[in-house]
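Predicted, not measured: the structure shown is a model, and the values here were computed from it.
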Amino acid sequence: MKFDTGRPVTMGPNGMVTSPHSLASQAGVDVLRAGGSAVDAAIAVSSVLSVVYPHMTGLGGDAFWLIHDAKTGSVRYLDGGGRAAASASLDAFAQRGLTEIPFRGILPATVTTPGAVASWGEAHRAYGRLPLARSLESAIGYAQSGFPVTARLSGWIEQVMSDLQPHAETMAIFMPAGKVPAPGSKLTNPDLANTLRAIASDGVYGFYRGAVGRELARFSAEKGGLFSEADLAAQTARWGEPLKGQYRDLVLYETPAPTQGFSVLEMLNLLEPFELHKREFQGPDMVHLMVQAKQLAYHDRDNFLGDPAFVSVPMDKLISKAYADERRPIIDPKHALPWDKVPSYGSLTGDTVYIATVDAQGNAVSLIHSLYGVFGSAVVAGGTGVVLQNRGAYFTLDPAHPNRLEPGKTPLHTLIASIGFRNDRLWSVVGCMGADGQPQIHLQTYINLIDFGLDIQQALESPRWLSGRFGLGGPRDTLHIEARFPKATIDTLEQRGHLVERWDNWNELAGHAHGIVIDPHSGMRLGGSDPRSDGAAIGY
């Protein structure tokens with residue numbers, strides 16, 4: 001399939017790193033060159049992004065990992081989701097007169113503890129080859145000495161300025177002169193540099209306990225928040241088993257509950273008998289069928305998904321071919337499904353970073369790390385320099401719902417990551433940002449790769465659609481679609497009953513996707529980076 005891109009696929013014979021910011025990708029490659037593992041490199045990238053991409057991720061967020069061990073051939077899952085504080089209960093919010101958890105402010109900032117740093121420590125303990133301090137060197141340098149403000153960062157600060165302004169610590173870092181920093185200017189975050197130094201010196205202890213932990217807890221208590229020193233000290237990352245499915249000759253691993261990774265496997269199961277590879281690339285059937293598969297999978301997600309430590313999630317059933325066979329007759333090949341027949345209620349609003357690394361030995365990391373909303377809760381925790389996430393806002397206060405708030409519970413997570421195999425060999429490391437859009441972007445990327453033979457850069461640059469809404473006031477069934485799709489495709493989708501919002505040729509709301517593919521013959525690492533981000537794939 002011929003598809004012209006704005007940049008060629010990046011090639012490297014030894015290692016490859018891709019992420020949504022070029023400085024972060026470069027930091028990861030530096031660690032690989034120094035003898036670090038794929039995990040060491042991923043921590044370097046994640047930490048730099050926590051400094052230079054603060055609207056999308058940070059130490060105050062959560063992270064989920066898939067790690068491929070080349071020696072054993074295994075894929076391991078690491079859950080770095082933050083848990084709800086002991087005081088975070090339905091009654092606590094009822095006493096405040098709230099029927100839902102606010103999206104911004106101290107309550108969502110402290111409903112759950114930050115989980116990402118615990119996952120750094122656990123991944124490094126298992127697979128690190130260099131001292132943790134080495135992986136954090138670049139991040140500390142950018143936080144202390146300054147990092148560049150990209151046009152995207154400047155634009156997002158301007159867009160959410162009203163959310164940042166109530167918080168003095170936040171404004172001091174991101175609008176130090178009281179105005180939006182211009183693209184090309186420099187920001188510093190010396191408090192965050194000190195927090196990173198504490199982690200470099202004392203590992204996970206340096207973040208969750210010690211001076212940093214005490215400051216996080218002090219700030220929470222002073223501002224009327226929920227998490228405490230005890231909650232922070234109790235935060236750990238947990239190993240588990242990834243989900244595994246198959247689409248044609250691709251064996252695909254996805255992150256399990258409480259993440260929505262199963263929905264990718266369910267969508268692929270629903271679509272496989274439709275033989276998309278025999279249909280027109282970027283044609284109306286291709287989009288129409290994928291949108292309906294999304295609708296069915298998301299309906300199941302909203303009905304069943306929650307923290308498996310608290311609720312029973314019928315995961316084996318949801319990812320089975322037999323279940324897809326039961327659900328597939330609902331799909332109408334010619335008309336859009338009435339939304340109320342299989343409704344879902346999520347939001348496409350959410351911002352995240354995705355990191356892929358492959359080292360010279362063939363180990364691989366697929367890592368998703370997020371604050372949830374742009375700048376998370378908009379709250380910087382006192383003197384730590386840490387932007388706290390608002391992932392707790394994804395809990396529901398409905399006592400009958402599987403994703404209801406409970407102390408010690410992890411909320412439903414839109415964050416997902418994937419690793420794929422062909423012919424029993426590592427083939428792909430793919431992921432993206434985009435909240436409810438993430439499974440849809442995984443789906444489109446793998447369909448482009450498997451069914452239409454695009455390379456990873458082509459697959460990521462292809463025009464994209466997202467089904468759903470970005471705000472609570474918007475229609476749930478909107479099909480947002482980039483204008484680089486053929487006009488005939490978009491017109492036909494409207495004729496079939498889809499409520500279409502025609503985007504421009506490129507739209508950042510379509511998500512940042514990144515990936516690495518391994519050439520099965522040469523072993524060459526082939527990296528792709530989404531031009532909708534500030535990213536780069538860098539190899540050596």
Just one of [options] clears the side chain to side chain contact (heavy atoms under 4.5 Å, CB included) bar with [X], so which one?
| X | options | value |
| --- | --- | --- |
| Ser529 | Ile538, Thr10, Thr18, Asp534 | Thr18 |
| Ser46 | Ile355, Thr357, Leu59 | Ile355 |
| Asn403 | Leu412, Val311, Asp302 | Leu412 |

Can you find a pair of side-chain heavy atoms, one from [X] and one from [Y], that are under 4.5 Å apart?
| X | Y | value |
| --- | --- | --- |
| Trp120 | Ser47 | yes |
| Leu23 | Pro148 | yes |
| Ile419 | Leu426 | yes |
| Ser366 | Trp65 | no |
| Glu266 | Ile319 | no |
| Pro181 | Leu187 | yes |
| Ser228 | Leu232 | no |
| His124 | Asp40 | yes |

Main-chain N/O of [Y] paired with [X] side-chain donor or acceptor, under 3.5 Å:
| X | Y | answer |
| --- | --- | --- |
| Thr188 | Pro190 | no |
| Arg525 | Asp359 | yes |
| Ser185 | Ala182 | yes |
| Ser119 | Ala116 | yes |
| Tyr354 | Val430 | yes |
| Asp202 | Ile199 | no |
| Gln260 | Thr414 | yes |

**Study point:** By side chain to side chain donor-acceptor pair (under 3.5 Å) - contacts of Ser25 (at least two apart)
**Key:** Ser19
Is it true that [Y] and [X] share a donor-acceptor pair across their side chains at a distance under 3.5 Å?
| X | Y | answer |
| --- | --- | --- |
| Tyr208 | Thr113 | no |
| Gln144 | Arg197 | yes |
| Gln95 | Asp91 | no |
| His413 | Asp62 | yes |

In terms of side-chain geometry, is the basic nitrogen of [X] or [Y] positioned less than 4.0 Å from the acidic oxygen of its partner?
| X | Y | value |
| --- | --- | --- |
| Asp79 | Arg238 | yes |
| Arg83 | Asp307 | no |
| Glu229 | Arg214 | no |
| Asp530 | Arg532 | yes |

Check your understanding: Is the distance between the ring centroids of Phe174 and Phe375 less than 6.0 Å?
Key ->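 For Phe174 and Phe375, the ring centres are under 6.0 Å apart.
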Mind checking the [atom1]-[atom2] spacing from [X] to [Y]? Nearest 0.5 Å is all I need.
| X | Y | atom1 | atom2 | value |
| --- | --- | --- | --- | --- |
| Ile416 | Ile368 | CD1 | CD1 | 7.5 Å |
| Thr112 | Phe395 | OG1 | CZ | 7.0 Å |
| Met175 | Thr170 | CE | OG1 | 11.5 Å |
| Gln165 | Met171 | CD | CE | 5.0 Å |
| Ser50 | His369 | OG | NE2 | 4.5 Å |
| Ser377 | Phe103 | OG | CZ | 10.0 Å |

Review point. Under the side-chain contact (heavy atoms from CB on, under 4.5 Å) criterion, do Gln361 and Arg129 qualify, and how do the steps go?
Key: CA-CA 12 Å; Gln361 291 72 40; Arg129 289 202 293 260; 3.0 Å; yes
Over all heavy atoms of both residues, which pair between [X] and [Y] is shortest? Give the atoms and the distance, please.
| X | Y | value |
| --- | --- | --- |
| Pro242 | Leu66 | CB-CD2, 3.7 Å |
| Leu460 | Gly515 | CD1-N, 3.8 Å |
| Met56 | His512 | CE-CE1, 3.8 Å |
| Pro114 | Leu388 | CG-CD2, 4.3 Å |
| Pro411 | Arg391 | CG-CG, 3.7 Å |
| Leu32 | Gly15 | CD1-CA, 4.2 Å |

Point to revise | Worked verdict on Thr150 versus Tyr53 for side-chain hydrogen bond (donor to acceptor under 3.5 Å, both in side chains) | key: CA-CA 9 Å; Thr150 65; Tyr53 234 46; 5.7 Å; no
Point to revise | Flag if over 12 foreign heavy atoms under 6.0 Å of OH, Tyr205 | key: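 Check fails, neighbour count at 12 or below.
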**Study point:** Residues that Arg404 engages under salt bridge (charged side-chain N to carboxylate O under 4.0 Å, His left out), provided they are two or more places apart
**Key:**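 Partners of Arg404 under the salt bridge (charged side-chain N to carboxylate O under 4.0 Å, His left out) test: Glu406.
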Validation: residues 215-224 side-chain donor-acceptor distances under 3.5 Å, sequence neighbours left out:
unit_1, atom_1, unit_2, atom_2, d
Glu215, OE1, Arg218, NE, 2.8
Glu215, OE2, Arg218, NH2, 2.9
Glu215, OE2, Gly383, N, 2.8
Arg218, NH1, Glu222, OE1, 2.5
Ser220, OG, Leu226, N, 3.4
Ser220, OG, Phe227, O, 2.8

Check your understanding: Regarding Arg76 and the six-membered ring of Trp239, is the cationic atom NZ or CZ under 6.0 Å from the ring centre and inside 45° of its axis?
Key -> yes
**Study point:** Chi angles and distances behind the side-chain contact (heavy atoms from CB on, under 4.5 Å) call for Asn363, Lys71
**Key:** CA-CA 8 Å; Asn363 304 297; Lys71 285 184 179 179; 5.7 Å; no
Check your understanding: Between Asp436 and Arg301, does a salt bridge (Lys or Arg N to Asp or Glu O under 4.0 Å) hold up when you go through it step by step?
Key -> CA-CA 11 Å; Asp436 276 5; Arg301 181 200 67 174; 2.8 Å; yes
Practice item. Go through His514 and Ser533 one step at a time and tell me if the side-chain contact (heavy atoms from CB on, under 4.5 Å) criterion holds. Key: CA-CA 10 Å; His514 305 277; Ser533 74; 3.4 Å; yes
Review point. Checking side-chain hydrogen bond (donor to acceptor under 3.5 Å, both in side chains) for the pair Gln26/Asp30: CA distance, chi angles, key distance, verdict?
Key: CA-CA 6 Å; Gln26 186 61 60; Asp30 287 346; 3.2 Å; yes
Review point. Which is it for Asn189 and Asp191 under the side-chain contact (heavy atoms from CB on, under 4.5 Å) test, yes or no, and what are the steps along the way?
Key: CA-CA 6 Å; Asn189 191 343; Asp191 286 341; 4.0 Å; yes
